[in-house]
Structure formats: C-alpha cells, structure tokens
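Remarks on the structure that follows.
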2 protein chains.
Amino acid sequence: MANINDVAKLAGVSKSSVSRVINGNFEHMSDNTKNKILRAMKELEYSPNTLAQSLKKKTTKTIGIILSDISNPFWSEVLKGVQKECMRMGYGLMVSSSGEKEQIEKENILTLRNKQVDGLIINTTGKNTDLFNSLINEKYPFVFLDRSTDISNIDTVIVNNILGAKMSTQYLIDQGHRNIGILLYPLENKSPRIDRLEGYKEALKINGIQINHDLIKICEDQNGSGVEATKEMLALPTRPTAIFSTNTILNLEVIMGVKKAGLKLPEDVSLIGYDDYPWVPLLDPPLTTVSQPAFEMGVKSTALLIKKMKQKKQIKPKIIQLEPELMIRSSCLPPLK
Amino acid sequence: MANINDVAKLAGVSKSSVSRVINGNFEHMSDNTKNKILRAMKELEYSPNTLAQSLKKKTTKTIGIILSDISNPFWSEVLKGVQKECMRMGYGLMVSSSGEKEQIEKENILTLRNKQVDGLIINTTGKNTDLFNSLINEKYPFVFLDRSTDISNIDTVIVNNILGAKMSTQYLIDQGHRNIGILLYPLENKSPRIDRLEGYKEALKINGIQINHDLIKICEDQNGSGVEATKEMLALPTRPTAIFSTNTILNLEVIMGVKKAGLKLPEDVSLIGYDDYPWVPLLDPPLTTVSQPAFEMGVKSTALLIKKMKQKKQIKPKIIQLEPELMIRSSCLPPLK
DNA sequence: TTGAAAGCGCTAACAC
DNA sequence: GTGTTAGCGCTTTCAA
C-alpha cells in the first residue's frame with residue numbers, strides 16, 4: 001500500500017501538497033501541481049490511511065453502539081436504522097453487545113472509547129452510573145437508547161412505554177377482561193420494564209380494577225421461563241382471561257405456554273404482545289401487539305448523537321420520545337362468561 | 001484524557017518504561033519503577049490510545065463485516081455469532097451493509113480497508129471480482145461468507161445449498177407431489193440462489209419428473225413480489241400442489257399469497273420454506289423449513305478469518321461447508337387426488 | 001503557490 | 001533496568 005510519501009515522490013512535490021489535495025484544499029494550487037498529484041495518486045492506487053488522519057485530526061468519523069442484547073430481533077431492526085444513518089452521514093459503525101452484563105457494558109464502553117470512536121449509542125443495562133457520570137465530565141458525547149437511567153440531562157431516544165402498556169391493558173379491559181395477567185423480565189434498573197408495569201397498573205387503577213399480584217409474573221431472563229410462568233398463571237384459581245406479554249421472546253413463550261396448558265388462543269385466553277414484525281400477522285393466531293418504531297429509533301438516535309458531536313458548546317440535552325402503536329389483530333376476544 | 005507523556009512525567013520515568021508496562025514487558029523492570037508507573041496510570045485514569053498503538057503496530061485488532069442485506073433476520077443471527085467470536089478473541093467489529101449493490105459493497109470494502117481493519121468477512125453481491133483479485137494480490141485477508149464467487153482459492157464459509165434444496169424437494173416428492181413450484185430471488189451471480197435452483201432440479205431429475213419452467217418463479221428483490229408470484233403460480237392450469245420458497249421473506253409472502261388466492265395451507269398446497277427461527281413453529285401452519293446454522297456461520301467465519309490473519313505465510317485456503325437440516329413440521333401434506 | 005518541520009500518541013531498536 | 005531516539009502516516013502552521 002502506497003503512502004503519502006510515495007505519492008509525493010512520484011509527483012515530484014512535497015507531502016504537504018499531497019495532503020492538500022487529499023483534503024480538497026486546492027484554492028491556491030496550480031493546476032499543474034494538482035494534476036501531477038492526482039495522476040500519481042491514481043497510478044499508485046493511493047488512498048489515505050484513516051488511522052493516521054484520525055490520530056492527527058482527533059476524530060475518527062466512527063461511532064460505537066453498545067446493545068444490551070443482540071439476540072432480540074428488535075435490536076436487529078434498530079441496528080438497521082443506525083447503520084443506515086451512519087452510512088448516510090459518512091460515519092463508520094462499531095457494534096458490541098453487553099449481554100445485559102454491567103461489567104461487559106463497561107469494558108465495551110472503555111474499549112470503544114480507547115479506539116477513539118467519536119461518540120456512543122448506549123442501550124444501557126441501567127447500572128454503571130459512575131462511568132456515565134465520568135463520561136459526562138469529560139464531555140464525551142453519548143446518547144441513551146430505549147432505556148434511560150437516574151442520571152438526568154442525557155440525550156435520549158425512548159419510546160413511551162407507559163402509554164404502550166396502558167393502551168394495551170385498556171384495550172383488554174374494553175373487551176370486558178378483568179383478570180389480566182402480565183409477564184415481564186426482571187425490572188432491575190431497566191426503565192422500559194418498569195414503565196410497562198406502571199402503565200399496566202395505571203390502566204387497571206383508572207378502571208377501578210384491583211391489582212392482583214399473582215397476575216404479575218417476573219420471568220427469569222433468557223431461558224424459556226415464559227412457558228412455565230404462563231402455565232403457572234393459568235393454573236391459578238383466579239385464572240386470567242387475558243395476558244399482556246412485554247417482550248418479543250415472551251410473546252412466543254406465552255403462546256407455547258397457553259397451548260401446553262391445553263387452552264386455546266384466543267377463545268380461552270386473549271393475548272397482547274410487545275413488538276411487531278412482518279411475521280407477527282402470520283402467527284396462529286395473528287397476534288395483537290404494541291409496535292415500536294425500531295428502525296426510526298436507530299435513525300433518530302444516530303442523528304441525535306451526530307448532532308451532539310458536531311456542536312462545540314454544550315446545548316441542553318434532548319429527550320426524543322417516540323410513540324408506540326397498537327396493532328390490532330385477532331388474538332383478543334371478550335372473556336367467556 | 002491523559003497520554004503516555006503525562007504518565008511518564010508523573011511517575012518520573014521515560015515513556016519507554018511506561019510503554020513497557022502497557023505491553024506487559026516487565027521481566028527486567030524493577031518493582032519500584034513498575035509500581036510508580038502503575039500508580040501514575042491509576043491516578044490519571046490512563047488508558048492507551050488504541051489509534052496510536054495501531055498506527056505503530058500496524059494492526060488494529062478490529063475486523064469488518066460487509067453484509068449484503070442487513071434487513072434479513074438471517075443475517076442478524078449470523079452477526080450475533082460474529083460478534084460473539086470477536087468478543088471472545090478480543091477483536092472489535094465494524095459492520096456495514098451493501099444492500100446488494102455492487103458499488104456500495106466496493107465503497108464499504110475500501111473504507112474499511114482504509115480504516116485499517118485487519119481483515120474482512122464478506123457476504124458478497126457476487127460481483128466486484130477485480131476488487132477481490134486485487135485484495136488477494138495485496139495479501140489482504142478476507143473470507144467469503146455464505147456466497148462464493150468465480151474466484152477460486154478463497155477461504156469461505158458456506159452452507160450446502162444444493163443439498164438443502166434437494167432434501168426439501170425430495171421430501172415433497174416423497175409425499176406424492178409432482179407439480180412443485182419454486183420461488184427465488186434473481187440468481188445474478190449469487191451462489192446460494194443458483195445452488196438452490198440446482199438442487200431443486202436435481203431432485204426432480206432423479207425422480208424422473210420433467211422440469212416445468214412455469215413453476216420456476218424469479219421474484220424481484222425486496223418488495224412483496226412473492227405474493228403476486230404465488231398467486232400467479234396458483235392460477236396456472238398446472239397449478240402446483242406444493243411450493244418451495246428459498247428465502248425468509250419469500251416464505252412469508254407465499255403464505256400471504258396462498259391465502260389471497262383463496263387456498264388453504266397445507267390442505268390445498270404444501271409449503272417448505274428456507275431458514276428457521278423461534279417463531280417459525282408458531283406460524284399458521286407451523287412451517288417446515290430448511291434450517292441453516294446461522295449463528296455457527298458467524299462464529300466459524302470469524303474464527304477462520306482470525307486464523308488466516310495470524311498465519312504469516314500463505315496456507316491453502318479452506319472451504320468450510322456446513323450442512324442444512326430439514327425441520328419437519330406441518331405445512332406439507334400429500335396432494336389432493 | 002509550495003515546502004520544511006513539528007507533532008498527533010505510541011512502540012521498539014539500540015545504547016548505556 | 002532504563003532512557004534516547006527514530007518513526008508509524010498523516011495534517012498544519014509558518015516561512016519562503
């Protein structure tokens with residue numbers, strides 16, 4: 001691979017001049033010099049070493065994203081949006097995944113930072129508060145995606161999860177349901193989970209329905225736990241006539257759980273899931289779900305980060321809240337009398 | 001952010017010594033010096049600038065992947081495997097997507113190369129032969145993933161697509177089907193598509209079934225074209241009693257197409273799809289598909305690339321061929337008499 | 001309009 | 001054991 005010196009030598013000029021054409025600073029350059037350099041570059045198939053440029057310019061034109069769980073198809077869709085916006089803006093993208101582990105999240109952040117990426121999109125585990133505070137201190141640009149933390153004043157792209165849960169719970173209530181179960185992954189510090197439970201409770205409260213804690217199931221993260229949880233819930237004396245599932249994986253496990261309990265969907269029990277995909281309408285039964293604008297989340301968070309990186313002086317952080325949408329299909333029916 | 005000079009100054013030593021402890025070359029260093037440096041590093045919260053290290057060491061410990069189409073959930077699964085193996089081996093990962101465009105693929109490759117990533121995993125559009133040849137010339141390490149090209153002697157991770165198509169076509173024939181339709185995206189130079197058509201034809205041939213070109217539908221890439229293609233095929237005088245779909249997106253479109261044609265799956269027409277996911281068994285009907293080891297493809301291609309990068313002298317390129325598996329569910333029935 | 005020289009943050013050969 | 005020095009490939013003053 002040829003370098004700037006090779007080009008300079010071949011063109012018979014100094015490397016400063018070559019650098020000028022690399023960076024498009026021709027204004028005061030003779031056409032002759034310029035052409036000589038251009039020709040030499042072509043001949044050597046030269047293209048500048050981005051690493052060296054970055055070291056000097058102190059910017060890599062690359063951002064990093066840290067996902068909590070790359071397994072969830074929801075994040076693939078988000079990633080697609082991130083990727084697209086990066087491409088459009090001429091940025092590179094480094095991807096990593098924390099697997100919901102605080103420690104790995106921390107390492108990933110540190111590694112990416114050392115690689116000098118210009119900014120970070122973080123779908124945080126919700127912990128690591130100290131680290132985030134120190135990033136803020138250093139004025140290192142980052143945005144939170146989908147999940148916020150206790151730390152206020154961070155640019156964030158988020159979906160209205162209270163609304164999503166409220167809408168779907170209300171929809172079930174409107175159909176006549178009173179015993180509505182909800183399945184969640186452990187709340188920990190994760191705002192979407194907390195908010196979805198909150199929205200569920202709010203809807204019940206507004207409608208004067210007592211909260212039954214047996215109908216709130218916290219499933220273990222990641223291992224088919226939703227199937228068992230569903231069966232347990234359906235074995236309850238106060239068996240729910242409807243279930244609200246708060247995660248893509250859980251949606252599938254609830255469907256399996258209901259079948260295993262020997263019950264029929266939606267005749268015996270109604271179901272609303274979370275997140276929407278092209279295949280959801282083709283499930284048996286076609287699932288009513290809360291749809292989140294995943295792709296848009298990716299695009300918006302990237303745009304927000306890039307904007308933040310570009311502005312020299314601190315501007316007031318922005319919280320972009322997107323709205324979920326209830327996709328009504330045929331997995332809900334009024335309860336049997 | 002502190003740099004190596006700050007540490008050296010604070011510890012009262014030269015930066016060579018600091019560099020030594022960064023790189024773990026303590027053997028001949030006094031404990032005293034070492035401790036002074038360690039303390040200074042901690043105090044300044046120092047961590048080395050990877051960019052500068054890379055420029056000097058001529059290796060970035062980062063690889064790049066170029067996907068043809070990040071939209072397909074299949075690639076999310078592959079990416080998961082790539083990500084995991086990168087993590088395990090201490091490599092960073094840069095992700096880009098060509099959207100099946102030759103020109104964008106080329107730009108992506110060039111950009112990543114300029115960013116000095118140590119190697120590339122390429123799920124190629126199948127064109128860009130000249131570029132690949134020049135990479136080979138420069139001894140720049142890359143592996144092909146899922147698709148191969150005319151260029152021989154490239155490390156490649158691939159799935160046996162002929163077998164996948166043959167297995168599923170044979171399965172349909174065994175059920176008594178003779179009129180079997182196949183849906184494909186444009187073959188262009190894409191080996192999996194070519195091979196799947198080949199496998200389909202081979203199975204027919206072995207069983208003495210004449211190929212009917214009306215039953216081979218090439219759908220336009222990416223726009224619901226599969227729905228129309230299915231309807232057209234089902235309107236044929238020699239209407240197929242079974243359909244073989246060769247892509248995740250097409251699977252869904254065929255299901256929709258059959259419904260729109262007023263036909264029932266699997267009673268009126270059997271269907272085998274390609275690629276498997278947790279939600280496939282929950283579709284209506286539970287879909288029989290050819291399952292590809294997507295995650296494993298990601299892991300294996302990464303491992304192969306890293307191995308290739310590490311060996312100094314050229315070793316004979318390796319083709320890793322993985323096997324697909326037919327996941328039999330209930331979307332196929334013997335044809336009506 | 002162009003070139004010389006310093007320096008981005010680090011490593012490594014060499015000298016002591 | 002430790003420091004000096006040159007240099008990775010580039011950009012950017014500054015001077016000519």
(message) Quick check against the 3.5 Å criterion: does B:Thr50 have a side-chain atom that pairs as donor or acceptor with the backbone of A:Asn114?
(response) yes
(message) Taking side chain to side chain donor-acceptor pair (under 3.5 Å) as the criterion, tell me which of A:Thr60, A:Thr62, A:Asn49 meets it with B:Lys115.
(response) A:Thr62
(message) Under 4.0 Å from OP1 or OP2 of C:dG9: is there any side-chain N or O of B:Asn49 that close?
(response) no
(message) Counting only heavy atoms and a strict 4.0 angstrom limit, can you tell me which residues of residues 12-32 of chain B come near DNA chain D?
(response) B:Val13, B:Ser14, B:Ser16, B:Ser17, B:Arg20, B:His28, B:Met29, B:Ser30
(message) Under a 3.5 Å threshold, yes or no: a donor from one side chain and an acceptor from the other, between A:Asp69 and A:Ser71?
(response) yes
(request) Would you mind telling me which of B:Arg193, B:Lys190, B:Lys101 makes a salt bridge (charged side-chain N to carboxylate O under 4.0 Å, His left out) with B:Asp221? (result) B:Arg193
(request) Specify the separation, in whole Å, of atom CG of B:Leu55 and atom C1' of C:dA12. (result) 14 Å
(message) Does any part of the side chain of B:Ile104, heavy atoms only, come nearer than 4.5 Å to the side chain of A:Met87, both counted from C-beta?
(response) yes
(message) Rounded to whole Å, please give me the gap between CG in A:Leu51 and P in C:dT11.
(response) 13 Å
(request) Heavy atoms of chain A, cut-off under 4.0 Å: which first and last nucleotide of DNA chain D, 5' to 3', fall inside that, if you could look? (result) D:dG9 to D:dT13
(request) Can you measure from OH (A:Tyr46) to CG (A:Leu10) and round to the nearest 0.5 angstrom? (result) 13.0 Å
(message) From NZ of A:Lys9 over to P of C:dG3, roughly how many Å is that when rounded to an integer?
(response) 14 Å
(request) Grab the CG-P distance between A:Asn35 and C:dT1 for me, whole Å please. (result) 14 Å
(message) Using salt bridge (Lys or Arg N to Asp or Glu O under 4.0 Å), reason through A:Glu105 and A:Arg147 one step at a time and then give a plain yes or no.
(response) CA-CA 14 Å; A:Glu105 173 174 275; A:Arg147 297 177 178 172; over 6 Å; no
(message) Just N and O in the side chain of B:Lys56: are any of them under 4.0 Å from OP1 or OP2 of C:dC8?
(response) no
(request) Remember a base hit wins even if backbone is also touched, and classify B:Thr33 as base, sugar-phosphate or nothing at under 4.0 Å, heavy atoms. (result) sugar-phosphate
(request) For A:Met94 and A:Leu112, work out which heavy atoms get closest and say how close. (result) CB-CD2, 3.7 Å
(request) Mind calculating the distance between NZ (A:Lys36) and P (C:dT1) to the nearest angstrom? (result) 14 Å
(request) Decide yes or no for B:Ser96 and B:Ile66: does some side-chain heavy atom of the first lie under 4.5 Å from some side-chain heavy atom of the second? (result) yes
